[in-house]
Amino acid sequence: MTRAIGITDISAATTSLFLPLTALAEAQGTSAGKYLRGIGQHEMSVPCEDEDIVTLAARAAAPIIERHGAGDIRTLLFATETGIDQSKAAGIYVHELLGLSENTRVLELKEACYSATAALQFALGIVARNPGEKVLVIASDIARYELDSSGEATQGAGALAMLVCADPAIMAIEPASGLFTENVHDFWRPNDRTTALVDGRFSVTVYLRAVISAYDDYVSRGGAKFADLSRVCFHQPFTKMAAKAMQTLAKHAGAESVANAVSSLEETMILNRRLGNTYTASVYMGLLSLLEHAELEAGERIGIFSYGSGAVAEFFAGTLIEGYRNHLRPGALTAQLDARREIDYAEYRERHTRADRTGDFETRVEGRGPFRFAGVRDSIRAYEKA
Ligand code: CAA
């Protein structure tokens, strides 16, 4: 029998500040209902000066290292849209902060919000060849759009780490995978920009087209039928997007009740409503939210739809392992969300503008996590334990 490979631990982190979307709506003269119900977002995580994708990633992964040790980890795959260097992998800083062995390969992957899924698939391949090894997959992003743009309400920040190995304790990933790629400009970020360019309505259209194409490919490659998926986690740039995706997919797949399929998404949205868009981490934040909040049985199959603008998408599934709940850290991310300091619109705007500074600088001590970004000295980013 083929040995199961998949996720044996999962842990997430977010920033120390947040902006309620009611405050954003009020400042913009927009109805709060548009954000709360229209796009289904309540809050967005905002980083402090001394928080970035590296500190978030290390904060997410530290509990995994604490529980499992670093011994068997020979690969760290870091997925992000928010790269901090044109050349060097951000994961190398995380490797140092976590105290991983020097006999580790560390790599950064990029394709908008999709690359964490590529990292997960590559991790499965590495473990299939070397079943004694573990791979640490980390997705970490700070989603930023221009001030006063239509994407502004869909910003957010967070990181999620997964430990991938043979005989996993939480979820075995099945081999069938459905793929989609099309060269489109729905959301992209040229090298001279710190905020994304986006054609919002078009991005929703491409996302929905990708759901159908990737699902059909998944089924044609031996994947399960829609009726055999207990739940589906979708990439959630905003939670309403998952509802639109499920409506489209359920209709396409001939589901008995499209309304029931859409309401089955509720537990996948609880964390994302408060985090905002976490780009590469978003679909796995949906999975974490589902695992923590739904009563699911061992053996149930969870579909996962990952989408990255530009555009690449993938549909695949995993089955839950007996006793998976004992390997979660229920409420750990919610406690971080609750501990964030609320900021007002003026402070949010000032921080958004200041995040674009370049050259050498020191950061103020602000964040509540165990690691901090100390600043840039002689063009080198400096990190330290808090
Ligand atoms: N009460 C309730 N609902 C309201 C409302 C009110 N008072 N006012 C408006 N609404 C509803 C609208 O009817 C609309 O619902 P439907 O989409 O179901 O019709 C919803 O609120 C949003 O309103 P608009 O379409 O007018 O909003 P917008 O055009 O200003 O912005 C957006 C929407 C284009 C998605 C924008 O948020 C955006 O550009 N976001 C960034 C891009 C994005 O996230 N794209 C998603 C797919 S791409 C992807 O997934 C990759 C990624 O992570 C970026």
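Here, residue 1 is the first one in the sequence, and each next residue gets the next number. Each ligand, and each atom within it, is numbered from 1 in the order the structure gives.
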Quick one: does [X] get within less than 4.0 Å of ligand 1, heavy atoms only?
| X | answer |
| --- | --- |
| A153 | no |
| K240 | yes |
| Q236 | no |

Quick check: does [X] get an N/O under 3.5 Å from an N/O on ligand 1?
| X | result |
| --- | --- |
| Y279 | no |
| K34 | yes |
| Y145 | no |
| S150 | yes |
| Y307 | no |
| S309 | no |

State the atoms of ligand 1, each with its element, that fall below the 4.0 Å cut-off from a heavy-atom position in C113.
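Going through ligand 1 atom by atom, the ones under 4.0 Å from C113 are 51 (C), 52 (C), 53 (O).
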Going by the atom numbers of ligand 1, which of them fall below 4.0 Å from some non-hydrogen atom of G200?
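In order of numbering, the contacting atoms are 34 (C), 39 (O).
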Basic-acidic side-chain contact under 4.0 Å: R349, E152:
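Salt bridge absent between R349 and E152.
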Is it possible for you to check whether R381 lies under 6.0 Å from the centre of the six-membered ring of F373, through NZ or CZ, and within 45° of that ring's axis?
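Ring-cation test returns yes.
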Tell me whether the NZ or CZ atom of K240 lies within the 45° cone about the ring axis of Y35 and under 6.0 Å from its centre.
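Judged by the rule (NZ or CZ under 6.0 Å from the ring centre, within 45° of its axis), K240 is not positioned above Y35.
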Give the contacting part of V206 toward ligand 1: side chain, backbone, both or neither, where contact means a heavy-atom distance below 4.0 Å.
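Contact part for V206 vs ligand 1: neither.
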Side chain, backbone, both or neither: which part of S31 has a heavy atom under 4.0 Å from ligand 1?
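Just the side chain.
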Return yes when at least one protein heavy atom is under 4.0 Å from atom 14 (C) of ligand 1, and no when none is.
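When distances to the protein are checked, atom 14 (C) of ligand 1 has no heavy atom within 4.0 Å.
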Can a protein heavy atom be found under 4.0 Å away from atom 50 (O) of ligand 1?
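Answer yes: something from the protein, a heavy atom, is under 4.0 Å.
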Answer with yes or no after comparing the ring centroid distance for Y207 and F305 against a 6.0 Å cut-off, counting only values under it.
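Yes, they do, as the ring centres are separated by less than 6.0 Å.
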Apply the hydrophobic cluster definition, ILVMFWY joined by side-chain contacts under 4.5 Å directly or through others, and give me every member besides V312.
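Hydrophobic cluster check, V312: joined to Y114.
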